[in-house]
2 protein chains.
Amino acid sequence: REEYVEISPSDFFYRNKDIAGFDNPVRATYMIVRELVENALDACDRAGRAGNIYVAFRGKGSGVFQVEVLDDGIGVPEDEIPKAFGKVLYSSKYVLRQSRGTFGLGGTMALLYGQITTHEPFEVCSSIGDGYAARYRLRIDIQNNKPIVERKQRIKVPPGATFTLVKLTFEGNYERAKGKILEYLKQTAIITPYINIVFRDPKGAIYVFPRATTKLPEEPKESKYHPYGVDVEVLKRLISETKTRNLVSFLSKSFQSMGRQTAIKVLKKARLDPEKNPRKLTDRELVKLVRALRSYDKFRAPDASCLSPVGEEALEKGIVKELRPEFVKVVQRPPSAYEGHPFIVEVGVAYGGGVPATGDIVLYRFANRIPLLYDAASDVAYKVIRKIDWSTYYVDPARTPMAVFVHICSTKIPFKTVGKEFIADKPEIAREIELGIRECARALRSYILKKIAKQRIVER
Amino acid sequence: REEYVEISPSDFFYRNKDIAGFDNPVRATYMIVRELVENALDACDRAGRAGNIYVAFRGKGSGVFQVEVLDDGIGVPEDEIPKAFGKVLYSSKYVLRQSRGTFGLGGTMALLYGQITTHEPFEVCSSIGDGYAARYRLRIDIQNNKPIVERKQRIKVPPGATFTLVKLTFEGNYERAKGKILEYLKQTAIITPYINIVFRDPKGAIYVFPRATTKLPEEPKESKYHPYGVDVEVLKRLISETKTRNLVSFLSKSFQSMGRQTAIKVLKKARLDPEKNPRKLTDRELVKLVRALRSYDKFRAPDASCLSPVGEEALEKGIVKELRPEFVKVVQRPPSAYEGHPFIVEVGVAYGGGVPATGDIVLYRFANRIPLLYDAASDVAYKVIRKIDWSTYYVDPARTPMAVFVHICSTKIPFKTVGKEFIADKPEIAREIELGIRECARALRSYILKKIAKQRIVER
Ligand SMILES: Nc1ncnc2c1ncn2[C@@H]1O[C@H](COP(=O)(O)OP(=O)(O)OP(=O)(O)O)[C@@H](O)[C@H]1O
Ligand SMILES: Nc1ncnc2c1ncn2[C@@H]1O[C@H](COP(=O)(O)OP(=O)(O)OP(=O)(O)O)[C@@H](O)[C@H]1O
Ligand SMILES: [Mg+2]
Ligand SMILES: [Mg+2]
C-alpha cells in the first residue's frame, strides 16, 4: 500500500527549491546573480588573472527578465559544458582547495529556476583558449538529472582568449531584489579588490565596481586533509586510494601536518603496528586509529597554502574605503582546523567616523570571499558577538557606532544552508572568531581610553 | 587541469552534514531522536491507530550512545528495508498527502551519522503483519548511495503484529542535548495527543508522555495538485502521465478544485482549444496555460482531505494543559494554497495565568505536527509577529505575558533547511499566519479591555 520511490538529486532540489535558496521571486533574482557571479569569480581566480565580469539584466515584461553573465576566467571544456551546467552534484570544486563553489549545485539551480518559471532553454558559450568557443542551447532533464542539448555550435575565437557566457530567462522581481544585488556587488568589490565588475540593470543603468588593485592574492593549492577531526569515512577513502604499504607511510603521505615522527606517535597511541598494511586494518583497528587521530593534540597547525585569505592590509584598505572610520583594527588569526579542514579567520573592527550608529553592532560577514547578506541572527559570528560582554571594552552595542567584519576561509565552509546564507556553530570556528574579535576590541579599547583622556585634558 | 567529478546524493549529504542538520555532536543527538521519532509517528498514523513509541538511550562510554526506537506503526516490507534505510532520496512520502517525512533523507542521515562516528552497523527489524519480521544488520555505501546488507534474518512473530525497531550507535552529547530532546517530546505530546511515548535516558530514568485521548484525527488522503501556483515542470509531468485526450478533461481530472466549467474558463483565458490533445501542446502554449492557471483567481479553495490539522478544540486543550493561561483563543484558518500545495494555518494565543513573562512573546512553532525548536528568528511566523503593531491590541511584547502557537500543515512544508528548523517566507503562508494571529489578537484585546473595565469598577 505504501509506494516506495527513488528520486534524482535534481528532482529533490527542484521539489525543495526553498532549500536551495530559491524560495520566492525576489530571493530567486538575488540568488541567480550571486550564483553566476560566484562561478565567474572562481573561474577568474583559476585563470590567475585580475578578472573582468559583466552582468546584464534585460526586462522582457510581466516580471520576466533575461540575465547574462560574462567573465574572462578559465572557461569550460566543450564536452564538459552540458554536464557542468545541466546536472546537479557535478563540479570541478570537489577538491581540498578554497573556492566559492562547493556543492556542485548553484549554477545549475539558477538555470533550473529559469526553466521552471519560463520554460525557456538557457545558453552557455565558453572557450578554454584553443581558438574555438562551444555555444550550447540547453535544458535540464530534472527527473533524470541530465542535460538536454537542444543546439550546439562551434565558433572561431582568438587563440588564447578564455571566457564563459551564461544567459537565461526567468521570472523574478528586480525592483525588490535590487538593493540586495547592489549591496552584494559592492561587498564583493571590497573583498575581491582585484576584480572589475560592470552591472547593467533592466532600465539600462550601468553600475561600475572598478578594481582597486592589480595585485593578485596567492593562488590556493590543492591540499590533503589535516588529521585533526577526520572521521572513519575519510580514513576508509584514503586507505582505498593509497599506494603506501605500511601505516607510517600511509599517515605521513595521506595527511598534511603529519611527519613520520608524528605518525609513529599516533600509531603508538592507537596501539597499532607501524608496519601493518593499511588495507589490512580491521574495523576495530580503524576506529582506534580515528580515536587516536582525534585525541592527539600536537599536530602542526595546518598548511595554509590551500587557502587564500584577504590579508590584513587589503581588508583594512577595503574597510577604510567603504566606511571611512575614525579607528580600524584588523587581525588575521593563524591557521586552524576543524573536521580535517584548514581554516583562517580574519576580523576587522571599525569605529566612529563614517560608521553609522544603528542601535546595534553592524556585522559584515564573508566566507571564502563571498558576502553573506541574509539570516545574520543564525550565523556563528553573530552568536559570538552576542556572547561577548562589550562593556569591558568600553563599548555599548546599542550606542557605539561600530562595525565588525568577519571573513572565514576554508577548504570547506560549514554553511547550514544550500543557499549559503549562514555558517554553522562549529566550536573551533567560534573560538577563532572570538579570539580575533577580542584582539580587535582590545585595540579599540585603548583607542577609546586615549580619546577619553585627551578630551579630559582639553576640557581642563 | 580542472577535474570534473560527479558525486552521489549520499556523498553530498555526508560531506555537507551541516546542511542536513547534523552540525555538531549536541545537535546530532537531537536530530537522531527527532528523525527516528518522526518516522515512527508517520508509521503509526499510516496504521490508523493510536500508536506507541519507545525511545531508549544507553551510554556506551566516552560519548558513545546506543539508541533504539520501537513503534507499532505499519512496518516496512522485507525487501524495502535496505533501501528505505540505507539509501537517501528513497521514500514512501513523495506523495501529495500530509506527513512529517518529506525529503527521503532524515532516517538515513541519522544512521549515516552513527556509521561515520563509530563505524558500527545499524539494525532494523520490522513486520508488516504477515507473521514474519525481517531483521537486518546494515551499513550505507556512502559513495554509491546504496545499502550494504551485512546480515539478514527472518523471525516468526504473531500474525497481524506490525512494528519497526531501529537501533544505531553514534558519538553524541546527551547531557547538552537533553533539554531540547525532552522539550521536543513534550511538544510532540501536545500536538499529537493520541500517541503514547516512553523515553529511557542513558542513566535509566524513564519519562512517560501518556496519550491524552484515543480519538484519532481523520487520516489524510492522497490528493492532486491545486491549480493555484503550479509551474511548467508540474504541468509537463502531469501531461506525461495523463490518459485524457483533450485539455478540458486533462485539467479537470489532473487538478483538484477544477471542474469542467472552470477548465473551460481557464482555457479561454489561455486562448487554447479545449479539444486539443494535451500532449500536442507546444512550448509556447504550455507557458500560456501556466500563466492562465496562475492568474485565474476564482479557483475553489483546496480540498483539505489531504491534510490533517490539529483542530481548534484539540489545540486549545493542548495549550491549556501545557500553560494553564488566563485566556486562550484558537483559530483554524480556511484551506489555502501556495505553488499547487494546499495548506491550513492554525493559530493559538495564550495570555496570563501560567504563561511566563519572558521579555518577549513566546513563540511555539509546529509544521505537520512536528515541533520546531531552533532558529525561530529566521522563521516566517516570527517575521509576521515582528511586523504586527501590538499596541493596537493593548499588548506590549516586552511586558505582556503572552504565547503564540502557530501550526502549519500542508502537502509540502516550505522548510528552508534540510534539518526542518524554520519555514520560508512564502507570501501566501505569511498572509494566513497574519490573519490568524490578528483574529486571536482581537479576541485578546476584548478580553484585556473587559479586564481593565472590571478593575476600574472594583477600584471605585
Ligand atoms: N563561469 C564559469 N567559468 C568556468 N566554469 C564554470 C563557470 N560556471 C560554472 N562552471 C563550472 O560548472 C561547475 C558547476 O557549477 P555550479 O555553480 O553548479 O556548482 P559549483 O560552483 O561547483 O558549486 P556551488 O553549488 O557551491 O556553486 C563548476 O564547478 C565549474 O566547473
Ligand atoms: N519506523 C518506520 N516505520 C515505517 N516505515 C519507516 C520507518 N522509518 C522509516 N521508514 C520508511 O523509510 C523511508 C525513508 O525514511 P527517511 O526518514 O529517510 O525519509 P522520509 O521520512 O521519507 O523523509 P524525511 O527525510 O523528511 O524524514 C520512509 O519514507 C518510510 O517509508
Ligand atoms: Mg557555483
Ligand atoms: Mg523521516
Side-chain angles (χ1 to χ4, degrees), chain A residues 1-9 11-12 14-16 18-19 21 23-24 27 46 62 74 76-77 80 83-84 87 89-92 94-95 102-104 115-119 142-143 231-233 237 283 286-287 290-291 375 377-378 412 414-419 421-422 424-427, chain B residues 1-9 11-12 14-16 18-19 21 23-24 27 46 62 74 76-77 80 83-84 87 89-92 94-95 102-104 115-119 142-143 231-233 237 283 286-287 290-291 375 377-378 412 414-419 421-422 424-427:
Chain A
R1 239 187 56 243
E2 298 301 294
E3 200 192 334
Y4 295 83
V5 173
E6 177 176 9
I7 63 172
S8 74
D11 203 351
F12 174 81
Y14 156 68
R15 291 169 187 238
N16 299 296
D18 314 299
I19 302 266
D23 37 339
N24 56 57
R27 184 70 71 101
R46 293 296 289 156
S62 40
I74 47 163
V76 189
E80 293 289 357
K83 285 187 274 179
K87 198 171 163 64
L89 304 190
Y90 194 84
S91 167
S92 59
Y94 289 140
V95 287
T102 169
F103 299 136
Q115 180 172 316
I116 63 180
T117 53
T118 66
H119 198 49
I142 298 176
Q143 276 193 293
D231 62 39
V232 175
E233 184 71 16
R237 289 188 196 196
D283 284 351
L286 255 178
V287 178
V290 169
R291 294 252 167 87
D375 296 319
S378 303
K412 175 177 182 290
F415 289 112
K416 279 220 63 167
T417 57
V418 170
E421 286 123 354
F422 59 96
D425 196 348
K426 296 285 185 192
Chain B
R1 239 189 54 244
E2 299 302 293
E3 202 193 332
Y4 295 84
V5 172
E6 178 176 10
I7 62 172
S8 74
D11 204 350
F12 174 81
Y14 156 67
R15 292 170 187 238
N16 299 296
D18 314 299
I19 302 267
D23 37 337
N24 56 58
R27 185 70 71 99
R46 292 296 288 157
S62 40
I74 47 162
V76 189
E80 292 290 357
K83 285 188 273 178
K87 197 171 163 64
L89 304 190
Y90 194 83
S91 167
S92 59
Y94 289 140
V95 287
T102 169
F103 299 137
Q115 179 172 314
I116 64 179
T117 54
T118 66
H119 199 50
I142 297 177
Q143 275 192 296
D231 62 39
V232 175
E233 185 71 15
R237 289 187 196 197
D283 284 351
L286 255 177
V287 177
V290 168
R291 294 250 167 88
D375 295 320
S378 302
K412 175 177 181 288
F415 289 112
K416 278 220 64 169
T417 57
V418 171
E421 285 123 354
F422 59 97
D425 196 349
K426 298 284 185 193

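Sequence lines set the chain letters: A, B, ... in the order given, protein chains first and strands last, and positions in each chain run from 1.
For the atom pair OH (Tyr90(A)) and CD1 (Ile7(B)), the distance works out to 12.5 Å, reported to the nearest 0.5 Å. Considering CD1 of Ile19(A) and CZ of Phe415(B), their distance stands at 8.5 Å, rounded to 0.5 Å. Rounded to the nearest 0.5 Å, atoms CD1 (Ile142(A)) and CD (Glu233(B)) are 3.5 Å apart.
Ranked by heavy-atom pairs under 4.5 Å with chain A, the list Val287(B), Asp375(B), Asp283(B) is led by Asp283(B). Residue with the most contacts toward chain A among Lys412(B), Arg291(B), His119(B), Glu3(B): His119(B) (heavy-atom pairs, distance under 4.5 Å). Most heavy-atom pairs under 4.5 Å with chain B: of the set Ser378(A), Ser91(A), Pro427(A), Gly419(A), this distinction falls to Ser91(A). Ranked by heavy-atom pairs under 4.5 Å with chain A, the list Pro414(B), Ser8(B), Ser62(B) is led by Pro414(B). Here Leu89(B) is the residue among Asn16(B), Val232(B), Leu89(B) with the most heavy-atom pairs under 4.5 Å with chain A. Most heavy-atom pairs under 4.5 Å with chain B, from the set Gly104(A), Ala84(A), Pro77(A), Ala377(A): that is Pro77(A). Of the listed residues Lys87(B), Glu6(B), Arg1(B), Glu421(B), the one with more heavy-atom pairs under 4.5 angstrom with chain A than any other is Glu6(B).
The shortest side-chain heavy-atom distance between Gln143(A) and Arg237(B) falls under the 4.5 Å cut-off.
Only the side chain of Arg27(B) comes within less than 4.5 Å of a heavy atom in chain A; its backbone stays farther off. No part of Val290(A) comes within reach of chain B, as not one of its non-hydrogen atoms sits under 4.5 angstrom from that chain. Heavy atoms closer than 4.5 Å to chain B are found in the side chain of Phe422(A), but not in its backbone. Only the side chain of Tyr14(B) comes within contact range of chain A, judged by heavy atoms closer than 4.5 Å.
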*Evaluation steps, side chain to side chain donor-acceptor pair (under 3.5 Å), between Asp11(B) and Tyr94(A)*: CA-CA 11 Å; Asp11(B) 204 350; Tyr94(A) 289 140; over 6 Å; no

*asked:* Checking Lys83(B) against Tyr4(A) for the side-chain contact (heavy atoms from CB on, under 4.5 Å) test, could you report, in this order, the C-alpha distance in whole Å, the side-chain angles of both residues, the deciding distance, and whether it holds?
replied: CA-CA 9 Å; Lys83(B) 285 188 273 178; Tyr4(A) 295 83; over 6 Å; no

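What you find for Asp231(A) and Ile116(B) is that their closest heavy atoms are CB-O, 3.5 Å.
With Lys426(B) as the partner, the side chain to side chain donor-acceptor pair (under 3.5 Å) test is satisfied by one option alone out of Asp18(A), Asp23(A), Asn24(A): Asp18(A).
No hydrogens or angles considered: nothing links the side chains of Thr417(B) and Thr417(A) as a donor-acceptor pair under 3.5 Å.
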